[in-house]
Amino acid sequence: MNPPADADVSPAVLTVDGFQCLIDELQRRGYRVIGPTVADGAIVYDDLASVDALPRGVGDAQDAGRYRLTRRDDEALFGYAVGPHSWKRFLNPPRLKLWSSRREGDGVRVEPAPEPRQPLAFIGVRGCELRAIAIQDRVFLGGRYVDRPYDVRRRGAFIVAVSCGTAGGTCFCTSMGSGPRAQGDFDLALTEIVDAGEHHFVVEVGSDAGREIMAQLPSRDATSADCRQAERIVAATAASMGRSLPAEGVRELLLDNLDHPRWDQVAERCLSCANCTMVCPTCFCSSVEDSSDLASEETARERRWDSCFTTDFAYLHGGSVRATTRARYRQWMTHKLATWIDQFGSSGCVGCGRCITWCPVGIDITEEVRAIAAAPARTGGSDHADGHAQD
Amino acid sequence: MATKLPRKPASKPRLAVFKFTSCDGCQLSLLDCEDELLAIAGAVDIAYFPEATRSTLRGRYDLVLVEGSITTPEEQARVLDVRRRARFLVTLGACATAGGIQALRNFADVAEFSAAVYASPEHLRTLATSTAIAAHVPVDFELRGCPISKAQLLEVVSAFLIGRRPVVPPHSVCMECKAAGNVCVTVAQARPCLGPVTHAGCGALCPSYDRGCYGCFGPKETPNAAALSERLLQQGLQAQELLRLYRSFNADAPAFRDESLRIEAGLRNHTGDPS
Ligand code: SF4
Ligand code: SF4
Ligand code: SF4
């Protein structure tokens, strides 16, 4: 996904019919096209056959521990915020076979797991999600060790981003600087305009691949009025966002307060169910499991999503080093908001709000930070700045 | 790529299945392994399995699978004998692991039930409680579920045969639910679901069919049932219904038992609020 050679590709306008052409064109080029659709009372990401599978006229109401679909009074195709799925489910699948082996004579033959051939095309990637993908790129592809399963899925992926026209009830991307505008590594970025009989998309091109595809679609050049309208929509979304995290100082605040009483309070409510880490688009932890068959002839190795909220995940010789829920919640939040910065150079949170909405008891990461900031105890001290103090 | 492997030992381990108070459902999961039955028979000597064979060999067994809970004085004695014959003892399912649905008697008066049901209750020889196998003898591995998952049973047997730890993670059902891509029924529909406090293993079967988890696999590691209860009550569940949620197949598993007793105490105080 290189930036387009000719940097001044001017924005274009695509109609809803044009959008169908985009899906057709991606399919014609062999992509597996994935995007938002309605299933089981939520917006999920699944294979898209046509524009009709998109959640037309559907909105959502989200709050801590609560999610409901709503009916919008327009026909918007992207008039909702992010749901329980994120793109990591396609780039780093929840269960992934790594290899298998079988006994052959006196020896054993090892077979690597087959790799997917079809490149992925993601439709409707939000600003926060572009940032989350960039963070996972850093985790899986940056540095010395490249994660091959992630690499093969990520490398050829085509990204159609969408700037948000509505803020979700638990979003705080504005304060994290990741949204609501789609910015970063995309091929095409759309802003949906649904207004007084008009329904179209202002399209920004972000790569050569994006420009090639745009050239195949029926579109017109965007006027400065179109662009101003798109700007206004994104600005209104940013202004209507209800939650926030402080832009500065969260790392120091948390690492200076590793023994704050708030950790005990949140541990009383927390179920250590791991829903927050499963839905978080940047959480990347996994476990590797071996299996063998009854005849002890075949074995396989699988990788599956795991979480710092399980005791097994922190099991070392002799027991789990994070026996309490307090230790596990604190590990999650201090890693996400503080030590992630030391490890990967940015916060691990993009402000998508998923962990807030999908926590069965509605624990809100922004509220937890606020509670500690309101009465900092400063009991930890900078000797804990490695963030690995344990219970 | 070829590496030398040690040869497999010539004699097969001896497997036995014993049953105590239960419905036979877990044993049937073993018979239900149609595709794998031949492989099982090839890998172990099925020495004692009344559901599947008539042959009965006495002696010692390498792998013993135990179904059912202890509810009579006769069973109390027999389980000691079973343990003595077992090198590695695995309990199968909610009855053997937590007392089963019949452990509801632990919250009631058995004499009163017997008098109501039987014309001559004096002929009954039954205990006042239904208890897990581990309450009587040491257990090497406990497999959860009502019934158990066939895949987990095969996993435990396969792991035993090759000498590795079985992969039976004790985390929440929610993790399986999210891995399956389900939409959470509690968050999206305010349906009561025990997934956050329940041991994984079923693959989030009920939430995958748009139902809340019934807790068949019993409490997960470090369950926080009180916090879940508080949330479910907030969402409009009645305390009486909440009580019934914990009082089912795993009613006597400590985390569920304690929570149901706490809710019951709250109900008795007529506040309806267990906290
Ligand atoms: S921590 Fe929560 S808000 Fe932040 S990126 Fe993860 S799921 Fe989204
Ligand atoms: S914060 Fe919420 S979602 Fe995360 S483990 Fe705790 S209860 Fe579960
Ligand atoms: S439906 Fe139940 S098991 Fe699934 S995530 Fe929600 S609470 Fe957990």
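Below, read A as the first sequence line, B as the second, and so on, with proteins coming before strands; counting in each chain starts at 1.
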Between the main-chain N or O of A:Leu294 and the side-chain N or O of B:Glu36, is there a donor-acceptor pair closer than 3.5 Å?
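The answer is no, because no donor-acceptor pair under 3.5 Å joins these two groups.
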Would a 4.5 Å heavy-atom cut-off, applied to side chains only, mark [X] and [Y] as touching?
X	Y	answer
B:Thr186	A:Trp358	no
B:Asn224	A:Thr325	no
A:Leu271	B:Arg231	no
B:Gln235	A:Arg66	no

Engaged part of [X] at the chain B interface, taking heavy atoms whose separation is under 4.5 Å:
X	result
A:Arg89	side chain
A:Ala64	backbone
A:Ser101	neither
A:Asp290	backbone
A:Pro84	side chain
A:Phe309	backbone
A:Val44	side chain
A:Ser287	neither

Chain B interface, residue from [options] that has the most non-hydrogen pairs under 4.5 Å:
options	value
A:Leu69, A:Asn275, A:Asp40	A:Asn275
A:Gly65, A:Ala274, A:Pro94	A:Gly65
A:Gly41, A:Pro360, A:Ser307	A:Pro360

How far apart are the C-alpha atoms of A:Asp312 and B:His171, what are their side-chain angles, what is the distance that settles it, and do they pass the side-chain contact (heavy atoms from CB on, under 4.5 Å) test?
CA-CA 8 Å; A:Asp312 274 2; B:His171 58 62; over 6 Å; no
Against chain A, work out which of [options] has the most heavy-atom pairs shorter than 4.5 Å and name it.
options	value
B:Ser158, B:Ala227, B:Ala180, B:Ala39	B:Ser158
B:Ala179, B:Ala43, B:Ala226, B:Ala159	B:Ala179
B:Thr198, B:Thr222, B:Leu154	B:Thr222
B:Pro223, B:Gly42, B:Ala190, B:Pro196	B:Pro196

For [X], does the [atom1] atom sit with more than 12 other heavy atoms under 6.0 Å from it, leaving out its own atoms?
X	atom1	value
A:Lys97	NZ	no
B:Arg164	CZ	yes
B:Arg165	CZ	no
A:Gln265	CD	yes

For a quick test of reading the model, state the closest non-hydrogen atom pair linking [X] to [Y] and the distance between them.
X	Y	value
B:Gly181	A:His85	O-NE2, 2.9 Å
B:Val187	A:Arg68	O-NH1, 2.8 Å
A:Cys273	B:Ser172	O-OG, 2.7 Å

Test side-chain contact (heavy atoms from CB on, under 4.5 Å) applied to A:Met278 and B:Cys174, step by step
CA-CA 9 Å; A:Met278 300 286 106; B:Cys174 298; over 6 Å; no
Toward chain A, the part of B:Ala225 with a non-hydrogen atom under 4.5 Å
neither
Measure the spacing between CD1 of B:Ile162 and OG of A:Ser296 and express it to the nearest 0.5 Å.
4.0 Å
Is there a donor-acceptor contact under 3.5 Å linking the side chains of A:Ser272 and B:Lys220?
yes
